*Asks:* 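Mind having a look at this structure? Questions to follow.
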Amino acid sequence: MSTPRFRIAPSPTGFFHVGGARTALYNWALAKRLGGTFVLRIEDTDEARNRPEWNQGIVDALAWIGIHSDDPAFEGPYLQSNFATEHLAAANRLYAAGHAYYCDLTPEQIQERSKANGKPGYDGYSRDRGVAPGPGRAMRFRVPSGSTVVHDAVRGGVTFDNDTIEDFVLLRGNGSPMFMLANVVDDITMRISHVIRAEEHLPNTPKQQMLWNALGETPPVWAHVPVLVNEQRKKISKRRDKVALESFRDEGYLSDAMVNYLMTLGWAPKGDTEIVPWATIEQNFRLEDVTHSPAFFDLKKLAAFNGEYIRALPVDDFVNAIEPWLAIWREAHPEAVWNQDVLVAMAPLVQTRIVTLAEAPGMIDFLFLADPVMDEASVTKVLRSADADLVLVSTIESFAAGEWVAESIKTAFERVAEAHGLKLGKAQAPVRVAVTGRTVGPPLFESLELLGRDEVLRRLHVGRTLTGGA
RNA sequence: GCCCCCAUCGUCUAGUGGCCUAGGACACCACCCUUUCAAGGUGGCGGCACGGGUUCGAAUCCCGUUGGGGGUGCCA
């Protein structure tokens, strides 16, 4: 028995759909575990919608989720447009063998006939009219009578009555091949043994299986995995949902988190935890275990996975991981004075506080800016009061001398809080807002230490001007 | 309309006739911890769509109902 060959067949549309990513991962997991091959075939035959520069985007997107084109198991990318000769040859063989025929009806005429006889679709009008090939004439497949049973690895046997399947188009009037034909011919040409794809293709499968048979080939193992849906339980689509894999990458989702989450949509690892490394997934993923019903693509759960993965990162890795977003921030703030040591010191404190890497700059920007960005709501809430001013005054006094390390600063401030009859949590609010610009953020005293006594004092003075007290 | 698929907490799922008083995770709520916010800990809320069978026994098998979804292109 030869080694199994899997494939994904995306079309270049400018972005990589998360549903496609999950399908790719399913194929990849199996190809790797079974010692098989993963073929990437880009279906670029819809000339109107395809742009060649998008091909690289597909390769990059796959690489991001761990499917690298330099892996020995990876084959391709192939471009469907390069196989036009095969498509035509197969069509002609089908025609010569009597499995296909030409039809000279225009789409409008077909519609009229359909309306007239009350049945939707093409009625097989030209089946036995002996229409010769010619411009404007489409080649249609002669669907045999009987029924077609599709053996699906996740769903079992699915039976289709051939009477419900119309004689579908193989070649357009302009001679170009349709998806149904090209897809099958390419799978045959590439010796694909397993077709694992989204459930939306299930209705196409009997047609494709008939083509495999008519072409004298044994159909592959089919597997149709459930679609991904949104909150309204509709298939997620570019129009209404966030589906571009690239956008998640750019927002600071970790590849490992994304991959892990995607794999749990329609499948679950053994045991009580869903957070598992790829190696475990690769070892255990099986088509027979894939769920049969659509899965909600839950951004909240994805975020939870991402937070989980971010926290699991060694600090050094975390610092490296957020660097791209920090770089973007620095670019946008050329006036900021960057200090890598300060960042490294803060890193563990921000690591437990962000869910996407893109949030990192917003956590620590006050440490590098000449003045913190004052959040109006925070200022109004805690700074605009006489009490706040009193706390600030005492704090300035208290911070004027003494050892400048987080612990000592905290001890000093605790005395200030006590003097005002306030709990630490409440007392620190005005100080936090004056120094960081916000009511929430990383631990205060550590931040103060890093900022330095002089700068803290300066900001506290500035803060007083906002209380109305100074 | 027609064809096909599907049906366990709000969500993702475990469950393959007795181990189910249905397990975990996300979300939500409460409490603890606490320098804000997180993180972490503990606990809680919450489900086998419905109706018939089959069986000593059904979330698990069968039928029906209802409800969802997908497909119905000279798109892919």
Side-chain angles (χ1 to χ4, degrees), chain A residues 9-11 13 43-46 48-50 80 103 105-107 110 118-122 136-140 150 152 154-155 158-161 163-166 168-180 182-183 198-206 224 226-227 229 231 233-235 261 264-275 288-289 291-298 300-305 307-308 311 349-355 363 378 382 406 409-410 413-414 417 423-429 431-433 436 438-447:
Chain A
S11 43
T13 53
E43 304 213 326
D44 59 345
T45 46
D46 182 3
R49 292 197 307 196
N50 291 168
Q80 183 163 65
C103 175
L105 253 34
T106 63
I110 291 171
K119 275 189 267 182
Y122 180 70
R137 295 174 178 179
M139 183 194 284
R140 286 182 178 269
V150 171
D152 189 289
V154 344
R155 286 156 208 286
V158 183
T159 306
F160 296 84
D161 185 341
D163 289 344
T164 66
I165 302 171
E166 65 175 35
F168 54 95
V169 173
L170 259 20
L171 254 31
R172 298 186 181 89
N174 67 8
S176 66
M178 290 282 291
F179 158 78
M180 206 66 71
N183 190 261
E199 189 191 347
E200 63 209 68
H201 287 288
L202 188 51
N204 289 152
T205 310
H224 291 88
V227 293
V229 299
E231 231 155 350
R233 298 255 119 206
K234 302 275 187 214
K235 190 169 70 159
Y261 176 63
T264 65
L265 258 21
W267 179 79
K270 293 284 173 219
D272 274 346
T273 173
E274 303 173 296
I275 306 279
E288 308 83 83
D289 298 333
T291 311
H292 296 184
S293 38
F296 172 46
F297 184 66
D298 188 351
K300 277 195 178 162
K301 190 154 183 178
L302 204 215
F305 268 56
E308 196 76 41
R311 274 170 254 130
L349 301 177
V350 337
Q351 200 171 356
T352 56
R353 290 175 169 76
I354 60 176
V355 156
M363 283 258 94
S378 300
V382 307
I409 300 172
K410 183 186 175 192
F413 189 76
E414 275 167 346
K423 282 192 161 173
L424 196 51
K426 187 148 174 71
Q428 55 95 50
V431 176
R432 176 181 290 280
V433 174
T436 73
R438 294 179 288 264
T439 52
V440 300
L444 185 60
F445 306 113
E446 288 76 354
S447 302

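Since the model is a prediction, treat every value here as computed from it, not as a measurement. Letters go in sequence order (proteins before strands), and every chain restarts at 1.
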*Asks:* Mark yes or no for a side-chain to base donor-acceptor pair under 3.5 Å between A:Glu274 and B:rG24, with no hydrogen or angle criteria applied.
*Replies:*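 For A:Glu274, whose side chain was compared with the base of B:rG24, there is a donor-acceptor pair (under 3.5 Å).
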*Asks:* Over all strands shown, is A:Pro443 touching base, sugar-phosphate only, or nothing at heavy-atom distances under 4.0 angstrom?
*Replies:*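 Result for A:Pro443 = base.
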*Asks:* Please measure how far the C1' atom in B:rG23 lies from the corresponding atom in B:rA59, and state the result in whole Å.
*Replies:*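 So the two C1' atoms sit 13 Å from each other.
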*Asks:* Which value, in whole Å, describes the distance between the P atoms of nucleotides B:rC62 and B:rG1?
*Replies:*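 The same atom, P, in both gives a distance of 27 Å.
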*Asks:* Nearest whole Å is fine: how far is B:rA38 P from A:Arg438 CZ?
*Replies:*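 From A:Arg438 CZ to B:rA38 P: 15 Å.
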*Asks:* Scan A:Gly441 against the nucleic acid and name what it touches under 4.0 Å (heavy atoms): base, sugar-phosphate only, or nothing.
*Replies:* base
*Asks:* Take atom C1' in B:rU66 and the same atom in B:rG51, then report the distance between them in whole Å.
*Replies:*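 Going atom to atom, C1' in each nucleotide, I get 10 Å.
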*Asks:* Does A:Arg172 reach the main-chain N or O of A:Pro177 with its side chain, forming a donor-acceptor pair under 3.5 Å?
*Replies:*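 It does hold such a pair.
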*Asks:* Side chain of A:Arg233 only, please: which of B:rU35, B:rA76, B:rG68 is the nearest?
*Replies:*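 Closest nucleotide among those given: B:rG68.
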*Asks:* Closest approach to the side chain of A:Phe296, judged atom by atom: which nucleotide of B:rU11, B:rC4, B:rA76 is it?
*Replies:*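 The answer is B:rU11, which lies nearest to the side chain.
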*Asks:* In this structure, how many angstroms lie between the C1' atom of B:rU11 and the CZ atom of A:Phe305, rounded?
*Replies:*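 About 12 Å, once rounded to whole Å.
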*Asks:* Between B:rU21 and B:rC28, how far apart are the C1' atoms? Round to whole Å, please.
*Replies:* 24 Å
*Asks:* In Å and rounded to the nearest 0.5 Å, what is the CG to CD distance from A:Leu424 to A:Glu414?
*Replies:* 5.5 Å
*Asks:* Rounding to an integer number of angstrom, what distance separates B:rG15 and B:rU34 when you compare their P atoms?
*Replies:*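 Approximately 41 Å lies between the P atom of B:rG15 and that of B:rU34.
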*Asks:* Please report the distance separating the C1' of B:rU60 from the corresponding atom of B:rA7, rounded so that it comes out in whole Å.
*Replies:*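 Those two atoms are separated by 14 Å.
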*Asks:* Rounded to whole angstrom, note down the P distance from B:rU36 over to B:rC31.
*Replies:*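 Those two atoms are separated by 15 Å.
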*Asks:* Rounded to the nearest 0.5 Å, what's the gap from CH2 on A:Trp267 to CD on A:Glu288? Could you check?
*Replies:* 12.0 Å
*Asks:* Do A:Arg353 and B:rC37 have a side chain to base donor-acceptor pair shorter than 3.5 Å?
*Replies:*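 Counting by modelled atom types and ignoring angles, a donor-acceptor contact under 3.5 Å is found here.
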*Asks:* Under 30°, 30 to 60°, or over 60°: which ring-plane class applies to A:Phe305 and A:Tyr261, parallel, tilted or perpendicular?
*Replies:* perpendicular
*Asks:* Would you mind pulling out the nucleotide paired to B:rA7, Watson-Crick or G-U wobble, both distances under 3.5 Å?
*Replies:* B:rU66
*Asks:* Surrounding CD of A:Glu231 (heavy atoms of other residues, nucleotides or ligands, distance under 6.0 Å), is the total greater than 12?
*Replies:* no
*Asks:* Figure out the NZ/C1' separation between A:Lys426 and B:rU34, and round it to whole Å.
*Replies:* 17 Å
*Asks:* What integer number of Å spans the C1' atoms of B:rU65 and B:rC6?
*Replies:* 15 Å
*Asks:* Round to a whole Å and report the spacing from CZ of A:Phe179 to P of B:rU72.
*Replies:* 10 Å
*Asks:* Both distances under 3.5 Å, Watson-Crick or G-U wobble: report the partner of B:rG40, or none.
*Replies:* B:rC32
